[in-house]
Amino acid sequence: MRLFYFDRKILTNFLLTMIPPPLSEQELMSRVENIAGLTLAQLANQISWTTPPNLLHNKGWIGQLLETVLGASAGSLSEPDFQYLGIELKTIPIKANGNAAETTYVCVVPLEKHLGLTWDKSCVAKKLRRVLWIPIESSSDIPLSDRRVGTGFLWSPDIHTLTKLKNDWEELMEYVALGQIDSIDASYGDYLQIRPKAANAKIRTTGVSRSGKYQETLPRGFYLRTSFTNKIISEFQSGN
DNA sequence: TGGTGATCATAC
DNA sequence: GTATGATCACCA
């Protein structure tokens, strides 16, 4: 069943774009090199997409564009973008000064069914095992069409980083487990933070209260702080 | 100006 | 509603 779904997904994407998924890391990185320096409009033209005037009503457009151009599988499965390769694709908006403009969304915070959940099994650990970061020019004074794609690079957290992420995750999840999700705000966590992840502030999902009963609450997501992604970028640039 | 809370599109 | 992809927008 899952195989069927996977195949249909790949096939649909291929028929729409004629871009097959990369079969090796080398093939993927060769595609990444080939698009470095291109503008978003040039990239969009490759697959006959129209560049929107801005991202206001298309916040995920750049991410979806890069996914498609690089042959990532489409769809909303909880799988890495490049399923064969176990690689997650993340675009990262870069300001004129070279720093990340926005935090990076990782995954939804489990607000129930988290009993016995450990770091190694968490969505954060799974998503961040191997990431293809692609910097994208994001200054608001550059029209979206003219913004250029940077040099993408593969990244895996080193042991120190992994420990920091694990500590953050465990600390944050402890509040969740104790039914104290509503007392957490975005200031908690060094590398990871928890923030709302919903269409609006009225959306509710099921969580757990302090007394252990089910309680409706705002859906949250894990995000990487810009200070952390800046660190990743500067380590790549300095060749570490 | 940057960090936090709020929000947008879309598939299923 | 839940998942994917994220950025917007306010205010200290």
Side-chain angles (χ1 to χ4, degrees), chain A residues 1-2 4-6 8-10 12-13 16 40 43-44 47 49-70 72-83 87-114 122-124 126-127 131-142 144 147 172 181-207 214 216-230:
Chain A
M1 183 57 189
R2 184 168 139 164
F4 162 77
Y5 199 62
F6 168 80
R8 189 190 67 176
K9 192 174 63 176
I10 295 287
T12 303
N13 200 36
L16 289 173
L40 296 182
L43 224 50
I47 54 171
W49 280 19
T50 303
T51 307
N54 56 60
L55 297 175
L56 187 55
H57 299 291
N58 273 284
K59 294 182 182 178
W61 185 77
I62 297 178
Q64 287 158 354
L65 174 65
L66 269 292
E67 273 189 350
T68 308
V69 164
L70 293 176
S73 39
S76 57
L77 294 185
S78 297
E79 301 284 345
D81 297 300
F82 300 99
Q83 200 168 20
I87 293 172
E88 174 75 15
L89 172 63
K90 290 288 180 199
T91 59
I92 179 156
I94 303 293
K95 297 183 296 183
N97 66 9
N99 287 332
E102 296 287 349
T103 55
T104 301
Y105 172 68
V106 182
C107 58
V108 169
V109 178
L111 297 177
E112 54 171 340
K113 298 176 182 172
H114 46 61
S122 70
C123 62
V124 179
K126 287 180 182 172
K127 291 256 181 182
V131 179
L132 170 59
W133 295 101
I134 302 194
I136 308 285
E137 221 169 25
S138 80
S139 305
S140 54
D141 55 356
I142 308 174
L144 188 57
R147 297 184 192 172
L172 291 166
I181 182 68
D182 289 323
S183 63
I184 305 180
D185 63 39
S187 68
Y188 289 64
D190 292 336
Y191 287 2
L192 271 181
Q193 64 179 175
I194 285 182
R195 301 217 311 281
K197 170 64 172 168
N200 60 64
K202 292 177 181 174
I203 300 290
R204 296 288 103 143
T205 190
T206 304
Y214 289 113
E216 298 304 296
T217 187
L218 184 62
R220 322 294 167 100
F222 284 111
Y223 295 80
L224 303 179
R225 292 186 179 283
T226 52
S227 53
F228 176 54
T229 48
N230 281 333

What does [X] touch in the nucleic acid at a heavy-atom separation under 4.0 angstrom: a base, only the sugar-phosphate, or nothing?
X         : result
Asn99(A)  : nothing
Ala198(A) : base
Lys95(A)  : sugar-phosphate
Ala201(A) : sugar-phosphate
Thr91(A)  : sugar-phosphate
Glu216(A) : nothing
Gly60(A)  : base

### Query
Taking the six-membered ring for Trp, are Tyr191(A) and Phe228(A) parallel (under 30°), tilted (30 to 60°) or perpendicular (over 60°)?
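Ring orientation, 0 to 90° scale: parallel.
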#### Entry: Residues in side-chain hydrogen bond (donor to acceptor under 3.5 Å, both in side chains) contact with Glu216(A), at least two apart in sequence or another chain
Thr206(A)
### Query
With sequence neighbours excluded, what pairs up with Asp190(A) under the side-chain hydrogen bond (donor to acceptor under 3.5 Å, both in side chains) test?
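Scan of Asp190(A) (side-chain hydrogen bond (donor to acceptor under 3.5 Å, both in side chains), adjacent residues dropped) gives Lys164(A).
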Answer yes or no: does a side-chain N or O of [X] lie under 4.0 Å from OP1 or OP2 of [N]?
X         : N      : value
Gln193(A) : dT4(B) : yes
Tyr105(A) : dT4(C) : yes
Lys113(A) : dT2(C) : no
His57(A)  : dA9(B) : yes
Arg220(A) : dG5(B) : no

### Message
So, under a plain 3.5 Å distance rule, would you say the side chain of Lys90(A) forms a donor-acceptor pair with the base of dG5(C)?
### Response
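Absent.
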### Query
Is there a donor on the side chain of Lys202(A) or the base of dT7(B) sitting less than 3.5 Å from an acceptor on the other?
no
In this structure, how many angstroms lie between the [atom2] atom of [N] and the [atom1] atom of [X], rounded?
X         : N      : atom1 : atom2 : answer
Glu67(A)  : dA6(C) : CD    : C1'   : 11 Å
Lys197(A) : dT4(B) : NZ    : P     : 18 Å
Asn58(A)  : dT7(B) : CG    : C1'   : 14 Å

### Task
Give me the bend of the helix from dT1(B)-dA12(C) to dC12(B)-dG1(C), using the axes of the five pairs at each end, rounded to 10°.
30°
### Query
Given the rule in the side-chain contact (heavy atoms from CB on, under 4.5 Å) test, do Leu70(A) and Ile134(A) qualify, once you have shown the distances and angles that lead to the verdict?
CA-CA 11 Å; Leu70(A) 293 176; Ile134(A) 302 194; 3.6 Å; yes
### Task
Measure from the side-chain N and O atoms of Lys90(A) to the backbone N and O of Tyr105(A), and report whether any donor-acceptor pair falls under 3.5 Å.
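Flag set: sc Lys90(A) to bb Tyr105(A) pair under 3.5 Å.
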### Residue pair Arg147(A) / Ser138(A): nearest heavy atoms and the distance that separates them
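Heavy atoms of Arg147(A) and Ser138(A) come nearest at NH1-O, 3.9 Å.
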### Task
Can you see which heavy atom on Ala101(A) is nearest to which on Lys95(A), and at what distance?
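Answer, listing the atom of Ala101(A) first, then Lys95(A): CB-CG, 3.5 Å.
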Which of the following nucleotides, [options], is nearest to the side chain of [X]?
X         : options                : result
Ile203(A) : dG1(C), dG3(B), dT4(C) : dG1(C)
Ala186(A) : dT4(B), dA6(B), dA6(C) : dT4(B)
Pro93(A)  : dA6(B), dG1(C), dT7(C) : dT7(C)
Tyr223(A) : dG5(C), dT7(C), dG5(B) : dT7(C)
Thr226(A) : dG5(B), dG3(B), dT4(C) : dG3(B)

### Message
Tell me whether the count of non-hydrogen atoms from other residues, nucleotides or ligands lying under 6.0 Å of OH in Tyr188(A) goes above 12.
### Response
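Correct, the count exceeds 12.
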Atom pairs under 3.5 Å, N or O on each side, protein against nucleotides 8-12 of chain C: can you list them with distances?
unit_1 : atom_1 : unit_2    : atom_2 : d
dC8(C) : O4'    : Lys59(A)  : NZ     : 3.2
dC8(C) : N4     : Glu102(A) : OE1    : 3.1

### Message
List the residues meeting salt bridge (charged side-chain N to carboxylate O under 4.0 Å, His left out) with Glu137(A), not counting sequence neighbours, and say none if there are none.
### Response
Arg148(A)
### Query
Taking only residues two or more places apart in sequence or in another chain, which ones pass salt bridge (charged side-chain N to carboxylate O under 4.0 Å, His left out) with Asp185(A)?
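Applying salt bridge (charged side-chain N to carboxylate O under 4.0 Å, His left out) to Asp185(A) gives none.
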### Message
I need the Arg195(A) CZ to Thr103(A) OG1 distance, nearest 0.5 Å.
### Response
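Arg195(A) atom CZ to Thr103(A) atom OG1 measures 3.5 Å (nearest 0.5 Å).
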